[in-house]
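Everything on this sheet refers to the single structure shown next.
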Amino acid sequence: MKENEQAVLTEMLQAAEEAAPVEAVQAVTGAIVTALNALGVSLLIADLSGRALVRLTHQTAIGGPGRRQGEETAEVFPFDGGPYEQALRQQTAVVLTRDDRWTVLAPVTERGEAIGLLEIELPDEPDADVTARIARTAHALAFVVIANRRHTDLFEWGQRSAPFTLSAEIQRRLLPASFTCEAGAFALSGWLEPAASIGGDTFDYSVARDTLHVSVTDAMGHGVASALTATLGVGSLRNTRRQGDSLIIQAELANRAVAEHANVRGAYVTAVLGRVDLTTGRCELLNAGHVPPMLVRDGRATPLELPANFPLGMFSDEGYRSGEVTLLPGDRLVIVTDGMRERNAADLDLPAALLRLAHLHPREAVRALSDAVLATAGPVLADDATLLIVDWYGGHGPRSSTSGADTARTSSLP
């Protein structure tokens, strides 16, 4: 990195640290304006729907477009296939020109997670070096957003184009902080398309030094009761995972926790738990009464045959068994909940859809599959539709990335 870029980065971090969490991004973008002689700069964050961008601004004046909360404004820009959507989904900087002004759109991304776009207006046409510098600055901004959204509700409020119910709020807290993760050996992404009445679905993952842990769960019922049952299951699974317990012990203790503590008689949670050895591709899977995971390999999408187990919480003393498969470079592991397969969603030919979308990065594949379910069974779903996709590359070690994304593996849009 050039010396002046190091100075800008230092100034950005100092500005973020000195500002209040709600003002950190504004302070950082001010530093960017000064460094690049920009005419203006904005951060557009990805809406939680996955189908829009949101510009957050602080305005003391009354009026103007967008939702307001006090002096905060959130203006939503739905995806329309234009350059803003292209820049975000393809993870490439885009340069636009209008009225002798140039606008650079640079993805704000960390480890493949598309947080939003940095929009910078310039008085002169940027060359390749300036565009690349802006892209690196946008990558640095991703860390500022990640660090400061822990301390404020501003970003979360801005991303919510629709109000949450209590059950949705509980469910949201059970999901990982980032829906996408790229590493040398794999890339993964999860998505949850909620039902009108929350159905208790969750997905989760964690990356250890040489191990990838994944899970997808579905608590029985709907609403707050279902969300609370899901909390028991996910809380137990995370606790035992963090203690280093095996998949079988994780399942047995979660089974006991749901059976003993759920406040709904007969409550249970179906689940698929997975553990991938990143050095060998050996993937251990445990299916607790859930929809079988699928493996996309060599142009075929087939369900994996695993030992049968009862759902978590159904019988408190039940034992569990796991199976395994060795992943090969080019494989795609797909775990879904029954909201992707039952009722009207059953009209979606999931194996055929998986093959059609096999060329897409997991981040785009989960979005496209979610859109397909909505088109088939929506616009309001009867049950949550949740999926987690893991692409296996092999070769555990450092990954190759540009400004936060592995652009070599980011393909064209569907």
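Keep in mind that the numbers below use all heavy atoms, side chains included, and drop hydrogens, waters and symmetry copies.
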Would you say the side chain of [Y] lies within less than 4.5 Å of the side chain of [X], judging by non-hydrogen atoms?
X    : Y    : value
P293 : L306 : yes
V108 : L117 : no
L285 : V272 : yes
L350 : L369 : yes
L96  : V94  : yes
I170 : T231 : yes
F79  : Y84  : no
L327 : F186 : no

Pairs satisfying side chain to side chain donor-acceptor pair (under 3.5 Å), at least one member in [range], at least two apart:
range            : value
residues 260-272 : T270-H290
residues 183-195 : R51-E193, T180-S189, W191-E193, W191-S370, E193-S370
residues 293-315 : R297-D331
residues 204-213 : D204-R238, D204-R241, D210-H396

Test side chain to side chain contact (heavy atoms under 4.5 Å, CB included) on L286 and R321 and set out the steps.
CA-CA 7 Å; L286 187 151; R321 298 180 299 158; over 6 Å; no
Please list all pairs passing the ring-ring contact (aromatic ring centres under 6.0 Å, His included) test where one or both residues lie in residues 296-330, with sequence neighbours left out.
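Every pair satisfying ring-ring contact (aromatic ring centres under 6.0 Å, His included) with a residue in residues 296-330: F310-F315.
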Please enumerate all residues that pass salt bridge (Lys or Arg N to Asp or Glu O under 4.0 Å) together with D218, with sequence neighbours excluded.
none
For R356, salt bridge (Lys or Arg N to Asp or Glu O under 4.0 Å) partners two or more places apart:
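Counting only residues at least two positions away or on another chain, R356 forms no salt bridge (Lys or Arg N to Asp or Glu O under 4.0 Å).
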Check ion pair D406-R399 (N to O, under 4.0 angstrom)
no
Is the shortest distance from a Lys or Arg side-chain nitrogen in E75 or R67 to a carboxylate oxygen in the other one below 4.0 Å?
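Answer for the salt bridge query: no.
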Look only at the side chain of [X] and the backbone of [Y], and say whether a donor-acceptor pair between them is shorter than 3.5 Å.
X    : Y    : answer
S316 : A259 : no
N255 : G313 : yes
Q69  : W157 : no
T229 : A225 : yes
R111 : E182 : yes
Q159 : L48  : no
T109 : G112 : no
S401 : G404 : no

Run D391 and L188 through side chain to side chain contact (heavy atoms under 4.5 Å, CB included) and show every step you take.
CA-CA 6 Å; D391 279 2; L188 68 77; over 6 Å; no
Taken in chain and number order and not counting sequence neighbours, the residues that satisfy ring-ring contact (aromatic ring centres under 6.0 Å, His included) with F77 are none
Quick one, L56 with L43, criterion side chain to side chain contact (heavy atoms under 4.5 Å, CB included). Give me CA distance, side-chain angles, the key distance, then yes/no.
CA-CA 7 Å; L56 292 176; L43 170 66; over 6 Å; no
Of all residues at least two apart in sequence or in a different chain, which pass the side chain to side chain donor-acceptor pair (under 3.5 Å) check with T29?
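T29 satisfies side chain to side chain donor-acceptor pair (under 3.5 Å) with no residue once adjacent residues are dropped.
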Just jot down the side chain to side chain donor-acceptor pair (under 3.5 Å) partners of E11, sequence neighbours excluded, or say none.
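Checked E11 against side chain to side chain donor-acceptor pair (under 3.5 Å); zero matches.
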Spatial distance of atom [atom1] ([X]) from atom [atom2] ([Y]) [nearest 0.5 Å]:
X    : Y    : atom1 : atom2 : answer
I120 : L118 : CD1   : CG    : 4.0 Å
L192 : T337 : CG    : OG1   : 7.0 Å
Q250 : Q243 : CD    : CD    : 9.5 Å
L354 : L360 : CG    : CG    : 11.0 Å

Carefully, step by step, assess L122 and N37 under the rule side chain to side chain contact (heavy atoms under 4.5 Å, CB included).
CA-CA 7 Å; L122 301 172; N37 293 320; over 6 Å; no
Pair [X]-[Y], side-chain donor/acceptor within less than 3.5 Å:
X    : Y    : answer
Q91  : H361 : no
S49  : S161 : no
T386 : D384 : no

Yes or no on salt bridge (charged side-chain N to carboxylate O under 4.0 Å, His left out) for R367 and D371, after CA distance, side-chain angles and deciding distance?
CA-CA 6 Å; R367 188 205 61 80; D371 285 349; 2.4 Å; yes
Show me the donor-acceptor pairs, under 3.5 Å and distance only, between side chains in residues 142-156 and residues at least two apart or in other chains.
from	atom 1	to	atom 2	distance (Å)
N148	ND2	V144	O	2.9
R150	NE	A147	O	3.1
T152	OG1	L154	N	3.1
E156	OE1	R172	NH2	3.4
E156	OE2	R160	NE	3.2
E156	OE2	R160	NH2	2.9
E156	OE2	R172	NE	3.0

Does E169 CD have over 12 foreign heavy atoms under 6.0 Å away?
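More than 12 within 6.0 Å, yes.
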May I have the step-by-step check of salt bridge (charged side-chain N to carboxylate O under 4.0 Å, His left out) for E113 and R363, ending in yes or no?
CA-CA 8 Å; E113 173 76 356; R363 179 183 56 244; over 6 Å; no
In sequence, state the C-alpha distance, the side-chain angles, and the governing distance for E252 and R256, and then conclude on salt bridge (charged side-chain N to carboxylate O under 4.0 Å, His left out).
CA-CA 6 Å; E252 290 177 348; R256 193 176 308 162; 5.7 Å; no
Sorted by first residue and then second, give each salt bridge (charged side-chain N to carboxylate O under 4.0 Å, His left out) pair with at least one member in residues 266-295; sequence neighbours left out.
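Those involving residues 266-295 are R282-E324.
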Atom of S322, atom of P307 and distance for their closest heavy-atom approach
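Taking S322 first and P307 second, the nearest heavy atoms are O-CG, 3.5 Å.
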